[in-house]
Structures are given as C-alpha cells and as structure tokens.
Amino acid sequence: MKIQRVKGMYDILPEQSAIWERVESSALATLKAYGYQQIRLPVLERTKLFAQAIGQETDVVSKEMYSFDDRNNESLTMRPEGTAGCVRAMVQAGLIHHHISKVWYNGPMFRYENVQRGRNRQFYQIGGEATGVSTPDIDAEMVLLLQAVWADLGLDNLTLEINSLGDAETRQTHRQALQSYLGEHRSRLDDDSIRRLDSNPLRILDSKNPNMQSLIAEAPVLLDYLDDESTRHFTDFKAILDACGVEYVVNPCLVRGLDYYNRTVFEFKTDALGAQGTVCGGGRYDSLIERQGGRATAAIGFSMGVDRLVELMMVCENNLAHPAPDVYVVIDPSGKVMVEAQHVVEQLRKACPQTVFQMNLGAGSFKAQFKRADKSGAQLALVLGEDEMVSRTAVIKNLRDRDAIERTVDLNDLGSPHTSHLLSV
RNA sequence: GUGGAUGUAGCUCAGUUGGCAGAGCGCUGGAUUGUGACUCCGGAGGUCGAGGGUUCAAACCCCUUCAUCCACCCCA
C-alpha cells in the first residue's frame, strides 16, 4: 500500500501554487503599503498559551488541538491560530511598548477537525496584528487594508459583516438575558438549540429553522447591551467606513469562536464556497496582552484563510493561466551538440535576464521537441541543430505566428542588442 | 463526535441480468531528408481502495475495513 497524505493535510501542487503566490504577494504588498512588518513565528507553542488565550471552553482548545508531550514531558501544541503566539512574541520582545506596532505573518495552522470543503486540518493564514491603539481608526484602517487586498485580487463578491461585542461584562449580561429569555420559551426550541442553550446561546440566533424566527426576532440583542464607550467606538468605526464608501452589514449575531475578542469584530464572507464561507475574520482583543503578562495594551487583528481565498480565486476563474516560458530551445536529436548548446543557452540567460528559456531536456526527435515546444506555450523556438552549430548560428522560429519568417542569430554575438531584440517576446 | 454520498488507467468517468477490463483527455512511437498546432495509424499504462464470503465464474451480490468528498457542529 502506498503511503498517502495525512487526512486534512494537502499538497499544494504546481498547478495551484501560482494562485497561492498571487494571493500571498498581493497581501504582502498591501500590508507593506499600510505599514505592517513581517514577523515569523514558531509553529509549536506551549499548550497553556492557547488554553489561556483562546479559552479553555472553546471548541478549538477543548477538542481540536494537536497537542503532545515532548521529550521533556512538556505539553506542546501546533498552533491552531496565529494571534496567541504573535502576542506572546510581541510581549516577549517588548514590541508592545511602542506607540503602535503593526506586524503580519503567514503560515500553517493546525486544527484536528472533521474535514469538509474549505476546512482542512493544516490550513494557512495570513494574519495581521496592530497593538497600542484603542481608537476605532485602526479598526477601520484594517478593514480598508483588507478591501484593498480583495480589490487587488479582483474579488468583488465578498460581503463584510461587522458587530460589536462590547466588553466582557456586556457579553456576560447579554448572555444571561438571552439564556433566560430562551429558557422561558424552551418548548419552542428545536433539539439543536436546546443543546446550544448552555454552550453557545448566541448561535441559536443564527438558526435557519422557520418555526423559530419569530422567537429569534424578539430575543435580546447584544448591541442593546453595549456600554457607552463601546457604542461610541462602534459608531465612529462605522462612520469611517461610511466615509470611505465601504459597504457592510451589521450582524448582531456575529460572534467569534475565540474568547479573547471584544468590541469590534468583522468577517468577510462569500457564498461561493459552500458551507465554509468566511474568508477572513478579525476583531479587537484589548485585554489579551495584559492577560498574557504584558502591560495593558489595546490591540486588534485579522486573519485571512489563504486556502479559502485560493479556492475562491479558482471558482471565480480569475487568471488561471499557466506560466509559459518565452523561448523553448530545440537541439539536435543526435546529441552531438548537447554540450555546446547548454553553454550557449547559459550565455543567453545572462544576456537576456528578462527572458525565460526552457531547454529541451531528455532528448527526442525534432518532431517530438517541437510538440513539446508548442505545448509549453512558448512564443519562440530557438533551434540549435548540428548545421547551425557548425556555422555558429541558431534559428528562431515563431510558434504563435504561422506567417512569421524564421530568423537567424549569430552565436558569436550573443550579448548584442540585436540578439536580445530577436529573442524578446 | 453525528449523518449522507463516492472509491475502476496519470486525470474525468462508462461498465447492461454475475460471463475476456473500457472510452475521452494526457503520455509515447509513426504517417519519406531537420519543424509543432488540424487529421490518421500504433504503443505503454489496472491488485477494479483493501480483506474475507457466495458462485463453475465477482468491478458487479453479501460481510468487514480503509480512504475520499459533502453536510451537521464549529471556524479562516
């Protein structure tokens, strides 16, 4: 039996890697333009870091972590998300003592979940964290930054949902109100909802069950419980989005799965990817840094699911062109010129650094080589046959224009502008 | 953890009542001297997911198991 890949962990094959590169480079360039600097973090952290930061009771910590004891009998965990480790690093390095720090990271995260479309056990996130700013201007700038990434990628079908969770007290008070309200109408709840009553009552408000809609409509709304400062924060946040022409939906039921969030939370969603439509999520975590032992510092972060963005790019058929070489080099099938041909092409690569040359490798008749040349997508074929090598020339054939005449280059004059011109595409 | 679907060539998939393992694409050789695309003729490539059972005979029926996909839950 051949050894197969581990469930939920995928190989990113050459066919897709170009799109990955596109998403990553687009995010990188935009983050740079908004003043974010890269931070590179370990995959392994101490287990208690995540338990503390994310919350012992969350699904992620209670049943989805890849944890194990190392040889020193210390429990380590493969990071299930990026923020906890990033905050740990920033506190450890003293970065939170600046007026503001903006960092971004990119890498694999691990959660032991049942796989389905858009949900893998090893998945990739590009995340950004900004510490030191408690005002809503940074919240809005982060959303604008993300919008700029979508625009750059040509993704125009994402909807932005926002909400404010207030502070911890807000959520606690609302949760109790919600539980007592739903508890009073227990008879109208379906089985799923009764199960969630203790674990996650806010989720009940998301139910699609038509029999419960009137009940849900009357339920206590989190936004009504916000303290004054959170309300003002949320209002100002929305005002900046409005001024910048950002469309959004206030979703009072939007909650995040990790405990550290407060105030502003947001998600970018698509309906083109099946059930897992959240492509990017984020929010404030103003008390996390202090809880991690740092000086009390406000902070906000986001993370985008690169796997999902890549899939969305493929669904939208945005630019799936395979990268093609510019010049395919056909050499004499006899093998007599193999040594010299490699030398010539090496000189050409230096003389024309913008041009991508693909040597024919692994022998083959002229016929076979031209078939490969055609299939490669190259514009030009450079023919280094035995006759040409004797006369120190090479033939350039245009593979995309039937009527173009074949041209000849002088192999003694490879560095000349004339040669470069003939080979430029 | 709970449902449902699917496993046959590198890929996408046919395979009738149980009766020789198939197609398209891809790969590869050829169709008169060293030239691709369109066309034509060849070739290679299979433990039919795995194990067991029924049968003269199993890709097909039965049992077990593994894997994949989709969904619930939850999240990026």
Side-chain angles (χ1 to χ4, degrees), chain A residues 1-8 10 13 15 23 54 57-64 79-83 106-127 146 190-193 195-196 199-200 202-204 206-208 254-258 261 266-270 273-283 301-312 328 330-334 337 360 362 364-378 380-389 395-402 406:
Chain A
M1 188 74 121
K2 287 179 208 162
I3 297 175
Q4 297 198 308
R5 59 162 212 267
V6 176
K7 185 191 192 92
Y10 297 89
L13 303 173
E15 196 183 356
V23 171
I54 300 172
E57 301 304 314
T58 58
D59 278 23
V60 170
V61 171
S62 63
K63 54 188 188 195
E64 294 175 358
R79 60 182 181 191
E81 58 94 53
T83 299
N106 177 18
M109 309 293 164
F110 303 85
R111 291 183 199 171
Y112 191 90
E113 299 185 89
N114 234 337
V115 299
Q116 75 184 80
R117 184 175 186 189
R119 196 171 61 186
N120 314 323
R121 290 183 173 177
Q122 173 170 337
F123 58 102
Y124 296 80
Q125 289 189 337
I126 296 173
L146 293 164
D190 58 22
D191 291 347
D192 262 354
S193 299
R195 191 167 39 74
R196 287 173 181 154
S199 61
N200 200 347
L202 266 168
R203 281 281 167 198
I204 298 176
D206 271 343
S207 172
K208 304 282 188 298
L254 180 65
V255 288
R256 322 249 38 252
L258 315 179
Y261 287 107
F266 58 85
E267 284 187 8
F268 286 93
K269 294 182 179 177
T270 174
L273 293 181
Q276 308 303 321
T278 301
V279 135
C280 178
F302 72 86
S303 76
M304 37 182 134
V306 184
D307 314 48
R308 291 181 186 176
L309 284 168
V310 166
E311 204 187 336
L312 189 57
Y328 193 99
V330 172
I331 73 170
D332 198 273
S334 68
V337 305
N360 183 78
S365 66
F366 274 110
K367 179 193 182 74
Q369 293 191 51
F370 274 98
K371 277 190 176 179
R372 292 171 200 156
D374 182 45
K375 195 175 285 280
S376 77
L380 303 175
L382 180 72
V383 186
L384 298 175
E386 196 176 356
D387 298 346
E388 284 87 348
M389 295 305 260
V395 170
I396 296 173
K397 179 188 169 94
N398 192 317
L399 294 168
R400 305 302 149 201
D401 181 359
R402 238 176 231 278
E406 296 193 356

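Lettering follows sequence order; numbering is per chain, from 1.
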Could you walk me through whether Met389(A) and Asp332(A) pass the side-chain contact (heavy atoms from CB on, under 4.5 Å) check?
CA-CA 9 Å; Met389(A) 295 305 260; Asp332(A) 198 273; over 6 Å; no

Would you check, one step at a time, whether the test salt bridge (Lys or Arg N to Asp or Glu O under 4.0 Å) holds for Arg111(A) with Glu81(A)?
CA-CA 9 Å; Arg111(A) 291 183 199 171; Glu81(A) 58 94 53; 6.0 Å; no

Checking side-chain contact (heavy atoms from CB on, under 4.5 Å) for the pair Glu64(A)/Asn114(A): CA distance, chi angles, key distance, verdict?
CA-CA 9 Å; Glu64(A) 294 175 358; Asn114(A) 234 337; over 6 Å; no

Let me see the working for Val383(A) and Phe370(A) under side-chain contact (heavy atoms from CB on, under 4.5 Å), right down to the final yes or no.
CA-CA 10 Å; Val383(A) 186; Phe370(A) 274 98; 3.8 Å; yes

I'd like to know whether Tyr328(A) forms a side chain to side chain donor-acceptor pair (under 3.5 Å) with Asn360(A), so could you lay out the CA-CA distance, the side-chain angles of the two residues, the decisive distance to 0.1 Å, and finally the verdict.
CA-CA 7 Å; Tyr328(A) 193 99; Asn360(A) 183 78; 2.8 Å; yes

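Across all strands shown, Glu311(A) has no heavy atoms under 4.0 Å from either base or sugar-phosphate atoms. Heavy atoms of Arg5(A) sit under 4.0 angstrom from primed sugar atoms or phosphate atoms, though from no base atom. Backbone-only engagement by Tyr10(A) is indicated by non-hydrogen atom pairs under 4.0 Å involving sugar-phosphate atoms exclusively. Val330(A) comes within contact range of no nucleotide atom at all, as no heavy-atom separation falls under 4.0 Å. Among the heavy atoms of the strands, none lies under 4.0 Å from Asp332(A).
Annotation for Tyr112(A): atom OH does not count as buried by contact number, only 12 or fewer foreign heavy atoms lying within 6.0 Å.
Summarising the geometry, the separation between CD on Glu386(A) and P on U35(B) is reported as 15 Å, rounded to the nearest angstrom. Between Lys375(A) atom NZ and A37(B) atom C1' there is a gap of 10 Å when expressed in whole angstrom units. Put simply, CG on Asp374(A) is 11 Å from P on C27(B), counting in whole angstrom units. The NZ-P distance, from Lys397(A) to G36(B), rounds to 7 Å in whole Å. The distance between atom CG of Leu399(A) and atom P of C38(B), rounded to the nearest whole Å, is 14 Å. Summarising the geometry, the separation between CD on Gln369(A) and P on G29(B) is reported as 11 Å, rounded to the nearest angstrom. The nearest whole Å value for the distance from the CG atom in Leu13(A) to the P atom in C11(B) is 11 Å. In this structure, Glu406(A) atom CD and G34(B) atom P are separated by 15 Å, rounded to whole Å.
Taking atom P on both U54(B) and C74(B), the two are 48 Å apart, rounded to the nearest angstrom. The separation of G10(B) from G51(B), taken at their C1' atoms, amounts to 27 Å, rounded to a whole angstrom. Nucleotides U8(B) and C69(B) place their P atoms 14 Å apart, quoted to the nearest Å. For the P atom pair drawn from C38(B) and A58(B), the interatomic distance equals 44 Å after rounding to whole Å. Atom C1' of U12(B) sits at a distance of 16 Å from the matching atom of C27(B), rounded to the whole Å. With P as the reference atom, G43(B) and A5(B) are 41 Å apart, rounded to whole Å. Spacing between C63(B) and C75(B) at atom C1', rounded to whole Å, works out to 38 Å. If you take atom C1' in A23(B) and the same atom in U17(B), they sit 23 Å apart, rounded to whole Å.
Of the side-chain N and O atoms in Lys7(A), none sit less than 4.0 angstrom from OP1 or OP2 of C66(B).
At least one donor-acceptor pair closer than 3.5 Å links the side chain of Arg308(A) to the backbone N or O of Gly118(A). Side-chain atoms of Gln276(A) do not come within 3.5 Å of backbone N or O of Arg117(A) as any donor-acceptor pair.
As the counterpart of C25(B), G10(B) is assigned, both hydrogen-bonding distances of the Watson-Crick or G-U wobble pattern falling under 3.5 Å. The pairing partner recorded for G1(B) is C72(B), the criterion being a Watson-Crick or G-U wobble arrangement whose two distances lie under 3.5 angstrom. Across every strand in view, U33(B) sits unpaired, with no contact that passes the Watson-Crick or G-U test at under 3.5 angstrom. Partner assigned to A44(B) is none, using Watson-Crick or G-U wobble distances below 3.5 angstrom. Nucleotide C56(B) has G19(B) as its partner under the Watson-Crick or G-U criteria, with both atom distances under 3.5 Å.
The residue among Glu388(A) and Arg372(A) whose nearest nucleotide of RNA chain B lies closer to the 5′ end is Arg372(A).
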Please encode protein proximity along nucleotides 71-76 of chain B as a string of B, S and -, counting only heavy-atom distances under 4.0 Å.
BBBBBB

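One cannot find a donor-acceptor pair under 3.5 Å joining the base of U35(B) and the side-chain atoms of Lys367(A).
In this structure the side chain of Val6(A) never reaches within 4.5 angstrom of the side chain of Arg121(A), judged on heavy atoms.
In this structure, the aromatic ring of Phe366(A) is positioned over the six-membered ring of the base of G34(B), centres within 5.5 Å and planes within 30°.
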